[in-house]
Amino acid sequence: MNDLETLRHKPVWERRPKMSMLRLAIAGVLGATFLFLALLWFGIRVEVNTNELMVLMNKTGKTLPDELRDEFGDQVVLYPKLVQRIAGITGESEDSVRSGYKGVRYEVSKEGRYFPNPYSKKAYKLPATLIKQNEIGVKIRKFGRPLPFPKTVATAPDERGPVAEVLGPGRHDVNLLAFEVQRFPAVQIPPGHMGVVSLLSGDSPKVSNTYVVEPGEKGVQRDCLEPGLYYINPYLMKIDTIDTRSQKYDMVGNDAIYFPSSDSFTIEIEGTIEWAIRTDRVAEVMVAYGTYGDAAQILDKIILPNVRSIARIQGSKLKAREFISGKTRTAFQSKLYEELKEECWNQGIDIRAALVRDIQPPAEIASLISHREQADQEIDRSTNQMEEARSEARLVEQQERQAQNSAIGDARREVVTVTKTAEQMKSVAVTQANRELEVAKLRLEAAAKEAAAIVARGEAEANVILFDYKARAEPLADAVTAFGGGMPYAQHFYLMKVAPSIQSILTSSDGPFADIFSSFGDMRATNAMPVKPEAKQ
């Protein structure tokens, strides 16, 4: 059988070239890679978008150690306190505990792309907590130890219940599997009001049966909040807004005050009371009257009883006819205001005004008292006219005195003006003379300095010439001394000057002097004996 027949009877996969097998292997690897990437991208990938969070839950792993079950129970959140306790008992690292034990992880992952292991982890996409303006958020912790009585908020990191700290406006990355976030409006205390703070969780008061407690103790606090916006945890504090503005109450009609005078006549008084709660006693007033500073309760329990009591006591000291007089009415009103303010101030109320608008005496004596009052008013009017006449006379006298004083003042001012002018002219002349004297002195000093400068310059120039001659003479004197006298130095100087010229003449082959010596050479050549031929041989 030939090779063609042998190849025809082989299986198909044996007849393929080896390159085809390699291609199949590569295709298989690429296919598996594609399937893995598709599974990773479409099945495992978790895209955490804007304002979203991802929380992981460990589906597989260890369970809580037995020695921690009594303390922590069946916790499903691996929060930091629990992770530390497990790591301390088992000796594992905290990272190993977070990833190796069943439960919800405490940490959150922000925006991004994640690929958690679907076998051991389950991913939850949760919204980020966004707190609006003028709003607060309170985290309710779902894990940890139950709150001990009588606490209402969790202050320790491993206590279950409302957390004391609040979330202000903005974004907060809260694990909503571990916490619940409740939203409450911020406390707005408007102008003219104050906020009374009641602490719902804290120490027990050291002094019982008091309206207010000390700071940090549970109950109504002495210090109140000023007007403004506050982010307060309603589980920790209760805020009651109390109006501290001025209030006005009109005592008219059925609310008018009736009392007997000293002569047994019934007097009716209508008036107006302006009052407000003292800002330093707001908390006490709110607690003392049980209606959180209700105006009606304050009127019924403090102001009106005191007004009626003081009015009756002061009114019983006067006769009915005395209430018609303006002076008596003014005195009665002042006394009523002073005593009412003192009594109410001690109870936390500030009486700002107490005005008596009308006093009604009994009808049977009203006309008689009115006539008498008119007569008194006529007398007062006449007296006032006389006082006006006296005042007008005093005014004319004062005007005449003012005119006289004005004339005297004008004369005095003229004298002062002339004197001041003369003094100023004298001062100007003296100043001018002094200035000219100073100028002359300065010119004299300048001339003297200029003469001194000329002399100094002449001396300097003379010294320069002298020093120049000295500089020339001193080396010459030193040289003469070195040669032992003037004649040897002169000979040396002469030779030094002539030697270069002689050397030049002697070394030169040109010139008249050289021609003298060259003639001697020519004569020598002429006088020489001729050589005979035999001698050469």
Heavy-atom pair with the smallest gap, counting every atom of [X] and [Y]:
| X | Y | result |
| --- | --- | --- |
| Asp300 | Pro305 | O-CG, 3.2 Å |
| Phe332 | Ala311 | CE1-O, 4.0 Å |
| Gly137 | Val181 | CA-CG1, 4.3 Å |
| Ile310 | Leu336 | CG2-CD1, 3.7 Å |
| Ile313 | Lys317 | O-CG, 3.5 Å |
| Ser93 | Ala87 | C-CB, 4.4 Å |

[atom1] of [X] to [atom2] of [Y]: how many Å apart, nearest 0.5 Å?
| X | Y | atom1 | atom2 | value |
| --- | --- | --- | --- | --- |
| Ile131 | Leu167 | CD1 | CG | 5.5 Å |
| Ile273 | Asp255 | CD1 | CG | 11.5 Å |
| Leu304 | Tyr249 | CG | OH | 5.0 Å |
| Ile239 | Met194 | CD1 | CE | 11.5 Å |
| Lys81 | Glu159 | NZ | CD | 11.0 Å |
| Thr129 | Phe179 | OG1 | CZ | 10.5 Å |

For [Y], does its backbone N or O pair with a side-chain atom of [X] as donor and acceptor, under 3.5 Å?
| X | Y | result |
| --- | --- | --- |
| Asn233 | Ala164 | yes |
| Arg308 | Ile257 | no |
| Ser201 | Lys151 | no |
| Arg278 | Trp345 | yes |
| Thr383 | Ile379 | yes |
| Gln333 | Val356 | yes |
| Asn175 | Arg105 | yes |
| Glu135 | Pro169 | no |

Verify the neighbour count for atom [atom1] of [X]: are there more than 12 heavy atoms of other residues, nucleotides or ligands below 6.0 Å?
| X | atom1 | value |
| --- | --- | --- |
| Glu94 | CD | yes |
| Glu423 | CD | yes |
| Phe184 | CZ | yes |
| Lys335 | NZ | no |

[Y] and [X], any side-chain heavy atoms less than 4.5 Å apart:
| X | Y | result |
| --- | --- | --- |
| Lys341 | Asp350 | yes |
| Ile349 | Ile277 | yes |
| Ser109 | Tyr114 | yes |
| His172 | Lys139 | no |
| Thr241 | Pro190 | yes |
| Arg381 | Gln385 | yes |
| Arg113 | Glu47 | yes |
| Cys344 | Asn306 | yes |

* Any side chain to side chain donor-acceptor pair (under 3.5 Å) involving residues 442-454? Give me the pairs, sequence neighbours left out, ordered by first then second residue. =>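 Sorted pair list comes back empty.
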Quiz: residues 216-229 side-chain donor-acceptor pairs under 3.5 angstrom, not counting sequence neighbours:
{"residue": "Glu217", "atom": "OE1", "partner": "Glu214", "partner atom": "N", "Å": "3.2"}
{"residue": "Glu217", "atom": "OE2", "partner": "Lys206", "partner atom": "N", "Å": "3.3"}
{"residue": "Gln221", "atom": "NE2", "partner": "Glu217", "partner atom": "O", "Å": "2.8"}
{"residue": "Gln221", "atom": "NE2", "partner": "Gly219", "partner atom": "O", "Å": "3.3"}
{"residue": "Arg222", "atom": "NH1", "partner": "Glu284", "partner atom": "OE2", "Å": "3.4"}

* Residues in side-chain hydrogen bond (donor to acceptor under 3.5 Å, both in side chains) contact with Glu107, at least two apart in sequence or another chain ->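 Scan of Glu107 (side-chain hydrogen bond (donor to acceptor under 3.5 Å, both in side chains), adjacent residues dropped) gives Arg98.
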* Using the side-chain contact (heavy atoms from CB on, under 4.5 Å) rule, take Gln182 and Glu180 through it: C-alpha gap first, then chi angles, then the decisive distance, then the call. => CA-CA 7 Å; Gln182 296 181 356; Glu180 175 189 354; 3.7 Å; yes
* Step-by-step salt bridge (Lys or Arg N to Asp or Glu O under 4.0 Å) determination, Arg390 to Glu387 -> CA-CA 5 Å; Arg390 293 192 186 97; Glu387 288 295 331; 3.2 Å; yes
* Could you walk me through whether Arg457 and Ile454 pass the side-chain contact (heavy atoms from CB on, under 4.5 Å) test, one step at a time? => CA-CA 5 Å; Arg457 187 165 56 250; Ile454 293 172; 3.6 Å; yes
* Assess whether side-chain contact (heavy atoms from CB on, under 4.5 Å) is satisfied between Ile351 and Tyr337, documenting all intermediate values. => CA-CA 8 Å; Ile351 301 298; Tyr337 169 70; 4.2 Å; yes
* From CA spacing to verdict: side-chain contact (heavy atoms from CB on, under 4.5 Å), Ile303, Ile298 -> CA-CA 7 Å; Ile303 298 176; Ile298 293 175; 4.2 Å; yes
